[in-house]
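Residue numbers start at 1 and run along the sequence shown. Values below: all heavy atoms of this structure, side chains included; hydrogens, waters and symmetry mates excluded.
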Amino acid sequence: MYQDHSLRLADGRRITCLELGDPEGRPVFYCHGYPGSRLEARLVEKAAENLGLRVLAPDRPGMGGSDFQPGRTLGAWAGDVAELADWFGQARFAVVGVSGGGPYALACAARIPERLSGVALISGLGLISSRDDLSGMIATNRLMLRLAMRFPAVARLAVRGIVSLIRRDSEFYFTRMIAGIPAADRKVLADPGYRQLLIESTAEALRQGGRGAAWELTLLARPWDFRLEEIPVPVRIWQGLADNIVPAPMARRLAAALPDRACHCLPGEGHFSLVYHHHSAILADLHR
């Protein structure tokens, strides 16, 4: 089952949400990466069907088909997810955050813990408080996050310029973006179906232009509007030890800050290979 929904929130904004898997299954909200969209969740469709899960993957504001939200914060995403869950008739649900979606899953854990049945981070981006937190990260990401930390307005302009290039040739952008990734990632991206899924997800994320992606970069690079130490629910962290897009030390710092966590560090896995190889096991583990 695969269905797109366009839903209007109480404040009048439109949110586009992809639903896939078992329509009667246990609900899981999928928080896509950066820059990403709801289409990214198509990777887990077969696993969701096999596990009896109803996966709901919304586009964040300004991405894909969701309206831009001026001045939004990370924590505000939890309110959107709660409202979407009400629309779908789900009192309790799990949340999965992939890469740049990790902070949004944690926002749900901080702001609406009573509604969550499980939380998993897959190569989840951690809190960035200094340049040292970016060590080991691939050069392009490190440079953009440093710029966003020091000069957010300049970073937003830079992203909007880059987006215009991506929209003209998303294949070229994707090839440049993954230069220098580990062997495990290069191997899985040789799968044309997976590669095309990621390219299409990125193109969909940016179809409104660069405003949403530009704002989100500065959100990810500055202090979050909730405290990790106050998250009361268990969080499962999944991390590839060969990852140089979100390096393993970032996962370790997250684990050290969270009161209740389980950390699964997998040798040899990179950023893309981790979710490619292990998404079924990760989803199954959510409800154990």
Do Leu20 and Val44 come within less than 4.5 Å of each other through their side chains, counting heavy atoms only?
yes

Counting N and O atoms only, with roles assigned by atom type, does the side chain of Arg253 sit under 3.5 Å from a partner on the main chain of Asp133, one being a donor and the other an acceptor?
yes

Checking Leu283 against Leu53 for the side-chain contact (heavy atoms from CB on, under 4.5 Å) test, could you report, in this order, the C-alpha distance in whole Å, the side-chain angles of both residues, the deciding distance, and whether it holds?
CA-CA 9 Å; Leu283 290 175; Leu53 300 178; 3.8 Å; yes

Could you tell me whether a side-chain N or O of Arg72 sits under 3.5 Å from a main-chain N or O of Gln69, the two making a donor and an acceptor?
no

Answer yes or no: is there a donor N or O on one side and an acceptor on the other, between the side chain of Asn50 and the main chain of Lys46, under 3.5 Å?
yes

Step by step, would you call Phe29 with Gln90 a side-chain contact (heavy atoms from CB on, under 4.5 Å)?
CA-CA 11 Å; Phe29 274 87; Gln90 305 296 335; 5.5 Å; no

Just to verify, which of His32, His271, Glu40 counts as forming a side-chain contact (heavy atoms from CB on, under 4.5 Å) with Ser99?
His271

Between Asp225 and Thr73, is any side-chain donor less than 3.5 angstrom from a side-chain acceptor?
yes

Less than 4.5 Å apart, any side-chain heavy atom of Leu197 and any of Glu200?
no

Side-chain contact, heavy-atom cut-off 4.5 Å: Val55 with Glu19?
no

I'd like to know if the side chain of Gln208 and the backbone of Gly64 have a donor-acceptor N/O pair within less than 3.5 Å.
yes

Any donor and acceptor pair, going by atom type alone, linking the side chain of His278 with main-chain N or O of Leu274 inside 3.5 Å?
no

List the steps and the verdict of salt bridge (charged side-chain N to carboxylate O under 4.0 Å, His left out) for Arg207 and Asp59.
CA-CA 12 Å; Arg207 70 178 167 95; Asp59 289 329; 5.6 Å; no

For Arg14, look at atom CZ and say whether over 12 heavy atoms of other residues, nucleotides or ligands are found less than 6.0 Å away.
yes

Checking the side chain of Ser66 only, and the main-chain atoms of Thr16 only, is there a donor and an acceptor separated by less than 3.5 Å?
yes

Once you round to the nearest 0.5 Å, how far does CE of Met250 lie from OG of Ser123?
12.0 Å

Is Ile245 linked to Leu241 within one hydrophobic cluster, defined over Ile, Leu, Val, Met, Phe, Trp and Tyr using a side-chain heavy-atom separation of less than 4.5 Å?
no

Check whether any side-chain N or O of Asn244 sits under 3.5 Å from a backbone N or O of Gly180 as a donor-acceptor pair, and report yes or no.
yes

Nearest heavy-atom neighbours spanning Gly124 and Leu254
O-CD1, 4.0 Å

Residues Gly210 and Val159: closest non-hydrogen pair is O-CG1, 4.3 Å

Kindly indicate whether the side chain of Asp243, heavy atoms from C-beta on, has any atom under 4.5 Å from the side chain of Glu269.
no

Hey, is the main chain of Arg211 close enough, under 3.5 Å, to the side chain of Arg156 for a donor-acceptor pair?
no

Do the side chains of Arg115 and Asp86 get nearer than 4.5 Å, heavy atoms only?
yes

Under 4.5 Å side-chain heavy-atom separation, chaining through any Ile, Leu, Val, Met, Phe, Trp or Tyr, what else clusters with Leu157? Say none if it is isolated.
none

Would Tyr276 and Asp185 count as having a side-chain donor-acceptor pair, cut-off 3.5 Å?
no

Gap between atom CG of Leu147 and atom CG of Leu217 - 0.5 Å precision:
8.0 Å

Using only atom types and a distance under 3.5 Å, with no angle test, would you say the side chain of Ser117 pairs donor to acceptor with the backbone of Ala94?
yes

Please determine whether side-chain contact (heavy atoms from CB on, under 4.5 Å) holds for the pair Ile15 and Asp67, giving the CA-CA distance in whole Å, both sets of side-chain angles, and the decisive distance to 0.1 Å.
CA-CA 6 Å; Ile15 291 278; Asp67 292 341; over 6 Å; no

Mind telling me whether His264 and Trp238 have parallel, tilted or perpendicular rings, with 30° and 60° as the class edges?
parallel

Under the 6.0 Å and 45° cation-pi test, does Arg111 pair with Trp224?
no

For Glu229, I'd like to know if atom CD has over 12 heavy atoms of other residues, nucleotides or ligands within 6.0 Å.
yes

List the atom of Ser135, the atom of Pro247, and the distance in Å for their closest heavy-atom pair.
O-CG, 3.8 Å

Considering only heavy atoms from C-beta outward, does the side chain of Trp77 approach that of Pro58 to under 4.5 Å?
yes

Answer whether the closest heavy-atom distance between the side chains of Ile181 and Leu189 falls below 4.5 Å.
yes

Check for me whether Arg38 meets the cation-pi criterion with Tyr30, that is, NZ or CZ under 6.0 Å from the six-membered ring centre and within 45 degrees of the ring axis.
no

List for me each residue that meets ring-ring contact (aromatic ring centres under 6.0 Å, His included) alongside Phe88, sequence neighbours excluded, and say none if there are none.
His5

Thinking salt bridges, do Arg60 and Asp80 make one under a 4.0 Å N-O criterion?
no

Value for SG (Cys17) from CG (Leu7), rounded to nearest 0.5 Å, stands at 6.5 Å

Within the 4.5 Å heavy-atom criterion, are Phe272 and Asp191 side-chain neighbours or not?
no

Donor-acceptor check, side chain of Arg92 to backbone of Leu116, threshold 3.5 angstrom: yes or no?
yes

Assess the residue pair Leu18 and Gln3 against the criterion (side-chain contact (heavy atoms from CB on, under 4.5 Å)); give the C-alpha distance rounded to whole Å, side-chain angles, the decisive distance to 0.1 Å, and a yes or no.
CA-CA 6 Å; Leu18 176 66; Gln3 184 176 359; over 6 Å; no

